[in-house]
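Below is one structure, written out as structure tokens; the observations come after it.
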Amino acid sequence: MTARLLDGKAVAQQMRAELAAEVAALRGRGVVPGLGVLLVGDNPASRVYVTAKERACGDLGLYSSEVRLPASASRDQILDAVGAFNRDERIHGILVQLPLPDASMEPHVLEAMNPAKDVDGFHPVNVGKAVLGLPAFLPCTPHGILQLLRRSGISIAGAHVVVIGRSRIVGRPLATLLSQKGEGGNATVTLCHTATRDLAAHTRRADIVIAAAGRPDTVRADMIREGAVVVDVGMNRVPDPSAPRGYRLIGDVAFDEVREKAAWITPVPGGVGPMTITMLLFNTVAAARGGPSGSP
Ligand code: NAD
């Protein structure tokens with residue numbers, strides 16, 4: 001079997017077309033959805049992500065405003081920038097690009113954000129509401145994966161999903177959303193991590209494997225069953241002198257061998273990445289409309 005591609009680029013385009021109609025309607029009422037972006041330091045990967053997000057905002061007719069602070073910025077300077085975005089009526093959503101140079105500041109900075117503008121879904125209020133199944137801004141990568149599966153016609157309800165990775169931004173919220181009662185959930189979820197004994201024993205029993213470990217070759221062909229759905233969240237840079245930037249991106253899944261066994265697989269790039277940015281736009285438009293809606 002050769003897997004069909006779970007085409008994140010195509011699904012993202014479809015969602016962005018839907019959002020464009022909504023943005024046009026909002027603009028007609030005099031509301032231009034606005035995203036405030038805070039970038040601290042000069043991490044090259046963060047710069048690339050921020051540029052991509054701002055370009056996506058521009059393409060959709062959103063307003064965006066960027067504040068850049070040096071890596072040496074104090075906690076107060078960062079909190080001031082967040083506070084200014086909180087007060088700015090043109091800004092409906094705030095994105096603080098993580099990681100911060102000093103990761104110990106992250107909880108304080110996230111908590112300083114107005115939860116009604118927290119379009120990344122990382123404020124404790126939104127995390128708590130999402131866990132309770134209440135309307136909340138959902139974190140973009142997990143929400144994007146749910147949309148990608150659903151819009152590709154893959155049924156989650158009743159499926160056994162194995163999630164690899166328990167980070168606060170991907171694995172853990174994904175496991176929560178997948179296991180929730182209701183549309184977009186109802187899966188039986190196994191959450192694996194670095195202390196899991198015999199990862200392959202779990203993944204081989206899965207209908208859907210979602211890899212978010214941040215390590216190439218975490219999922220090999222002998223770790224999945226024939227006909228499984230494989231979602232690769234990983235974005236790992238490997239040196240490649242022939243590539244324009246001197247590196248290329250690979251996922252956590254050994255794509256060439258796994259695609260011969262899976263029924264569906266996401267490419268890297270072009271799978272989960274475009275969905276993540278799209279869900280940021282989705283949340284920003286929702287914030288401009290007045291807040292998040294119900295389930296994923
Ligand atoms: P993280 O480093 O915070 O978490 C990785 C998790 O994987 C940890 O919980 C760890 O326990 C687990 N893990 C690592 N190796 C493992 C192994 N061999 N077996 C079982 N568990 C293992 O990373 P993160 O922020 O969750 O990101 C994960 C990957 O996804 C990274 O490559 C990141 O770049 C990528 N990512 C992609 C997008 C996107 O839009 N495509 C968004 C966010 C993150």
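For ligands, and for the atoms within them, numbers begin at 1 and follow the listed sequence. Index from 1, following the sequence.
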With T190 via side chain to side chain donor-acceptor pair (under 3.5 Å) - residues at least two apart: H160
Throw together a table of side-chain donor-acceptor distances under 3.5 angstrom for residues 168-177, partners on residues two or more places apart or in other chains.
unit_1	atom_1	unit_2	atom_2	d
T176	OG1	R172	O	3.1

Side chain to side chain contact (heavy atoms under 4.5 Å, CB included), paired with V163, selected from I145, V231, V189, V209: V189
Side-chain donor-acceptor contact under 3.5 Å, S74 with D76: no
Under 4.0 Å from ligand 1, counting heavy atoms only: the protein residues, by chain and number: T141, I164, G165, R166, S167, I169, V170, H193, T194, L199, A212, A213, G214, R215, V233, G234, M235, N236, V272, G273, T276
Listed once per pair and sorted, the salt bridge (Lys or Arg N to Asp or Glu O under 4.0 Å) pairs that draw on residues 251-275, sequence neighbours left out: R220-E257
Sole residue of L39, N43, L38 in side chain to side chain contact (heavy atoms under 4.5 Å, CB included) with V50: L39
